[in-house]
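See below for the structure under consideration.
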Amino acid sequence: MAVREDRVEELARRRGFLWQAYEIYGGTAGFYDYGPLGARLKRQLEAEWRLFYSLEGFFEIESPTIAPAAVFRASGHLNCFSDLAVVCSRCDSFFRVDDEIVAGGKCPECGGELAGAGEFNLMFQTRIGVPKGKEGANRGEGYLRPETAQGMFVNFQRLLRFNRGKLPFGVIQLGKAYRNEISPRQSLIRLREFTMAEVEVFVDPDEKDSHPGFDTVRDRRIWLNPAEGEECETSVGDAVRSGIIANEYLGYHIAKVKEFLERIGIPSDRLRFRQHRKDEMAHYARDCWDAEFMSRRYGWMEIVGIADRGDYDLAAHATYSKVDMGVHTHTQTQTHSKMIPHVIEPSYGLDRIIYAIMESAFTEEQVGKETRKVLRLIPELAPVKAAVFPLLNREELKQKAKSVFQSLKQELVYVDYDDSGSIGRRYRRQDEIGTPYCVTIDYQTLEDDTVTIRDRDTMEQHRVRIDDLSAAILAGIRNLHV
RNA sequence: GCGGCAAUAGUCUAGUGGUAGGACACGGGCUUCCCAAGCCUGUAACCCGGGUUCAAAUCCCGGUUGCCGCACCA
């Protein structure tokens, strides 16, 4: 731990993954730009995520990022976000108003008097359209969404009909969400504008205990940190049977979250699932497990939350909108009365996951007297799939290399060409941004149309025919996302 | 939000009330049949605003941003 743990962030800045936003005006806390390589990495991560849940048979929708106040009045966010705040007149400590802490009361820190400090609003407010007339002040009140989930809930009826009235079904949405955090910090860990990838699984509450695919995850090992009881490594099946995890649906989706995180390169020994205590649960949740990543720099941090939202949101929207959110259940002999489905919600913070991926992938190793920095991204996420070099800075090699580059680009799209500096320097440049393969053109190429492919992780090379080159590279990439 | 510390090229840094130095990176050239080699050469910086001073990147004040602690994270 004595060594600096911020080198991956330095690399991300220097090589065009991640920059502080609005830097020329001094920067604005809580906002980041993804540079050219970061944007590619993120887009490919999004594609992997879509693919993963599409294979579950879930549908993707895309809702607006701005919603009228009514949506958040129903969802409870307006109340929970617009609490009054107080500040201690003696020690300047800042608190949210609750049963014990009120203006005029005593500061729990120092006993000083608390004074009102106005609204403490975690949602960004805006105005939709132009307010009209004297009564227009409250008209058009809108908010930037603090989660994508509400877009799925308000469309529940449409989605149910789309699925021909049957439960269960899953809906996914990927997009920006906004929270006006009091103190954003720690690079991508706490942002004011961030990308969420959310899954809402609608299920009959009577069927939460029997997920049709549960057998496929039953034996998966998982590291659990429950709200009560000991931290343990166990199987998903045992955790559900013993009641540590409340039902099969929750267990299944916890297992799926783990599967996805491992697939994109987060090592399982740096992942655990921690259950929320009652007092830290969101207002809508009846149970919640966080997938936490062990960061070398920041310690355990939440990267995915898997909540059982019960019928909270659909019931609330039914009440406020007066629209029926109930579903008939059927058996062979009769139709039962209506019930409101429950929702199991895995909610991914993609920016935090980008951080977790980069920190996990970043390694420094001694090669002779030099330190080799390598970003061991899985090939699906690497912003550059292959780089093409002429071994020497000679016209005949450069020409050949450029023609190989042009044709490889047709297949892989994200391909680099580099003829500057020594061959070793060029390999290192690519290692640093995680390029899995480097292709080198030498004099033998001019004779027999073969090239060398050098592997990022082993630094080993083998020779292939140019005709077989793209196939050889694609063999190492499961899904090519462009 | 509060408190402490900090801010110098793309990156990491040295530095003094009076001309801002290095390393790496990057560009150009030479060399080199495979892992940041070597040689020549070039570009490039004192966070923003105000004050003190003959003179401020340096001292003072405010802001912004970053790090750490507290609080917050529905």
Side-chain angles (χ1 to χ4, degrees), chain A residues 4-7 9-16 19-31 35 72 75-83 85-88 90-96 98 101 107-110 117-118 120-123 146-147 179-187 189-192 194 276 279-285 288 290 297-298 301-302 305 307 349 367-374 389-394 397 420-432 438-446 451-456 458-461 463:
Chain A
R4 303 167 52 128
E5 294 295 354
D6 58 355
R7 275 179 302 214
E9 289 172 40
E10 182 269 325
L11 184 152
R13 199 163 32 247
R14 183 164 47 79
R15 295 306 306 268
W19 299 318
Q20 172 153 43
Y22 312 114
E23 203 175 8
I24 66 166
Y25 290 106
T28 303
F31 297 93
F72 300 116
S75 71
H77 288 91
L78 208 45
N79 283 334
C80 294
F81 267 57
S82 302
D83 281 354
V86 289
V87 63
C88 174
R90 195 193 299 171
C91 70
D92 280 335
S93 292
F94 180 82
F95 303 97
R96 279 175 69 165
D98 63 19
I101 297 173
C107 171
E109 293 288 314
C110 73
F120 165 77
N121 198 333
L122 272 164
M123 282 196 294
E147 60 174 10
R179 297 180 190 181
N180 202 359
E181 296 284 356
I182 295 171
S183 70
R185 213 179 263 187
Q186 301 174 327
S187 71
I189 313 304
R190 208 190 303 182
L191 297 174
R192 287 184 165 132
F194 53 101
H276 282 203
D279 60 353
E280 65 176 319
M281 215 112 66
H283 64 277
Y284 51 69
C288 186
D290 284 346
R297 179 134 195 242
Y298 302 116
M301 61 191 226
E302 176 197 352
V367 177
K369 287 177 201 157
E370 303 294 337
T371 302
R372 185 171 88 112
K373 293 181 183 179
V374 194
F389 310 143
L391 180 59
L392 294 172
N393 193 10
R394 301 272 164 73
L397 292 177
S420 137
S422 72
I423 189 76
R425 177 182 299 272
R426 285 175 265 158
Y427 285 141
R428 294 294 198 269
R429 277 185 192 135
Q430 298 297 330
D431 288 342
E432 215 176 44
C438 291
V439 175
T440 300
I441 278 69
D442 55 20
Y443 279 113
Q444 190 181 331
T445 309
L446 302 182
V451 296
T452 60
I453 300 180
R454 176 262 198 187
D455 182 275
R456 175 193 72 197
T458 63
M459 294 167 65
E460 282 168 8
Q461 289 173 272
R463 192 165 273 275

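So that the names make sense, note that chain A is the first sequence line, chain B the second, and so on, each numbered from 1. Because the structure is a prediction, the values reported are computed rather than measured. Because only heavy atoms are used, hydrogens play no part in the values below, and waters and symmetry mates are left out as well, while side chains stay in.
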- [ ] Scan every strand shown for a Watson-Crick or G-U wobble partner of C70(B), both distances under 3.5 Å, and answer none if you come up empty.
- [x] G1(B)
TODO: Quote, to the nearest angstrom, the P distance that separates A7(B) from A36(B).
DONE: 35 Å
Open item on the list: Considering every strand and a 4.0 Å limit on heavy-atom distances, what is the contact class for Glu147(A): base, sugar-phosphate, or nothing?
Closed with: nothing
Task: Check: Arg185(A) side chain, G69(B) base, donor-acceptor under 3.5 Å - done: yes
Open item on the list: Nearest to the side chain of Val367(A), heavy atoms from C-beta on, is which of A37(B), G1(B), C35(B)?
Closed with: C35(B)
TODO: Can you measure from CZ (Arg185(A)) to OH (Tyr298(A)) and round to the nearest 0.5 angstrom?
DONE: 10.5 Å
Open item on the list: Taking atom types as they are modelled, would you say the side chain of Tyr427(A) forms a donor-acceptor pair with the base of C34(B) within the 3.5 Å cutoff?
Closed with: yes
TODO: Kindly indicate whether the side chain of Gln461(A) and the base of C34(B) share any N or O donor-acceptor pair separated by less than 3.5 Å?
DONE: yes
- [ ] If the plane angle is over 60° it's perpendicular, under 30° parallel, otherwise tilted; pick one for His77(A) and Tyr284(A).
- [x] tilted
TODO: Using heavy atoms to find the nearest nucleotide of RNA chain B for Glu432(A) and Met281(A) separately, return the residue whose nucleotide is more 5′.
DONE: Glu432(A)
- [ ] Please give the nucleotide sitting opposite C30(B) as a Watson-Crick or G-U wobble pair, both distances under 3.5 Å, or none.
- [x] G38(B)
- [ ] Decide yes or no, distance alone: a donor-acceptor N/O pair under 3.5 angstrom between the base of C35(B) and the side-chain of Asp431(A).
- [x] no
Task: Rounded C1' spacing from A45(B) to A23(B) in Å - done: 15 Å
Open item on the list: Quick check for you: among C35(B), C68(B), C34(B), whose closest atom lies nearest to any side-chain atom of Arg428(A)?
Closed with: C35(B)
- [ ] Check whether any side-chain heavy atom of Met301(A) lies under 4.5 Å from a side-chain heavy atom of Gln186(A), and answer yes or no.
- [x] no
Open item on the list: Between G17(B) and U13(B), how far apart are the two C1' atoms, rounded to whole Å?
Closed with: 22 Å
Open item on the list: Nearest to the side chain of Arg425(A), heavy atoms from C-beta on, is which of A74(B), C26(B), A71(B)?
Closed with: C26(B)
TODO: Classify the side chain of Ser183(A) versus the base of A71(B) as yes if they form a donor-acceptor pair under 3.5 Å and no if they do not.
DONE: yes
Open item on the list: Quiz question: going by heavy-atom distance under 3.5 Å, is there a donor-acceptor pair between the base of C12(B) and the side chain of Arg13(A)?
Closed with: no
Task: Atom P, compared across C5(B) and A44(B): separation rounded to whole Å - done: 36 Å
TODO: Output yes when a side-chain donor or acceptor of Arg15(A) lies under 3.5 Å from a complementary backbone atom of Arg429(A), and no otherwise.
DONE: yes
Open item on the list: Need to verify one output field. Residue with the more 5' nearest nucleotide on RNA chain B, Pro184(A) or Glu370(A)?
Closed with: Glu370(A)
Open item on the list: Taking the minimum atom-to-atom distance to the side chain of Gln20(A), which one of C35(B), C33(B), U65(B) wins?
Closed with: U65(B)
Open item on the list: Tell me which nucleotide, if any, is Watson-Crick or G-U wobble paired with U58(B) when both distances must be under 3.5 Å.
Closed with: none
- [ ] Return the nearest nucleotide to the side chain of Leu122(A); candidates are U32(B), C73(B), G66(B).
- [x] C73(B)
Task: Rounded distance in Å between the C1' positions of U65(B) and C59(B) - done: 22 Å
Task: base_contact_polar (C35(B) base, Ser422(A) side chain, donor-acceptor, <3.5 Å) - done: no
Task: Greater than 12 external heavy atoms within 6.0 Å of Tyr443(A)'s OH - done: yes
Task: Side chain of Met459(A) (C-beta onward), nearest among C35(B), A74(B), C33(B) - done: C35(B)
TODO: Name the closest nucleotide to the Arg394(A) side chain, picking from G10(B), C12(B), C33(B).
DONE: C33(B)
- [ ] Tell me which nucleotide among A74(B), U11(B), A36(B) gets nearest to the side chain of Glu10(A).
- [x] U11(B)
TODO: Quote, to the nearest angstrom, the C1' distance that separates G42(B) from G62(B).
DONE: 40 Å
Open item on the list: Applying a 4.0 Å non-hydrogen cut-off, can you work out what Arg190(A) is touching in the nucleic acid: base, sugar-phosphate, or nothing?
Closed with: base
Task: Sugar-phosphate only, base, or nothing, as touched by Ser420(A) at under 4.0 Å among non-hydrogen atoms - done: sugar-phosphate
TODO: Please report the shortest heavy-atom distance between Leu191(A) and Glu181(A), naming the atom on each side.
DONE: O-CG, 3.8 Å
TODO: Could you let me know what A7(B) is paired to, Watson-Crick or G-U wobble, both distances under 3.5 Å, or none if it's on its own?
DONE: U64(B)
Task: Identified pairing partner of U52(B), criterion: Watson-Crick or G-U wobble below 3.5 Å - done: none
Open item on the list: Given 3.5 Å as the limit, does a donor-acceptor pair link the side chain of Arg426(A) with the main chain of Pro390(A), or not?
Closed with: yes
Task: N-O pairing of Arg14(A) and Glu432(A) below 4.0 Å - done: yes
Task: Opposite nucleotide pairing with U19(B), Watson-Crick or G-U, both atom distances under 3.5 Å - done: none
Open item on the list: What's Ser187(A) touching, base or sugar-phosphate or nothing? Going by heavy atoms closer than 4.0 Å.
Closed with: sugar-phosphate
Task: Proximal nucleotide (of C33(B), A74(B), C35(B)) relative to the Arg454(A) side chain - done: C35(B)
TODO: Give one of base, sugar-phosphate or nothing for Arg429(A), where a contact means two heavy atoms less than 4.0 Å apart.
DONE: sugar-phosphate
Open item on the list: Could you tell me the Watson-Crick or G-U partner of C46(B), where both distances fall under 3.5 Å? Say none if there is no partner.
Closed with: none
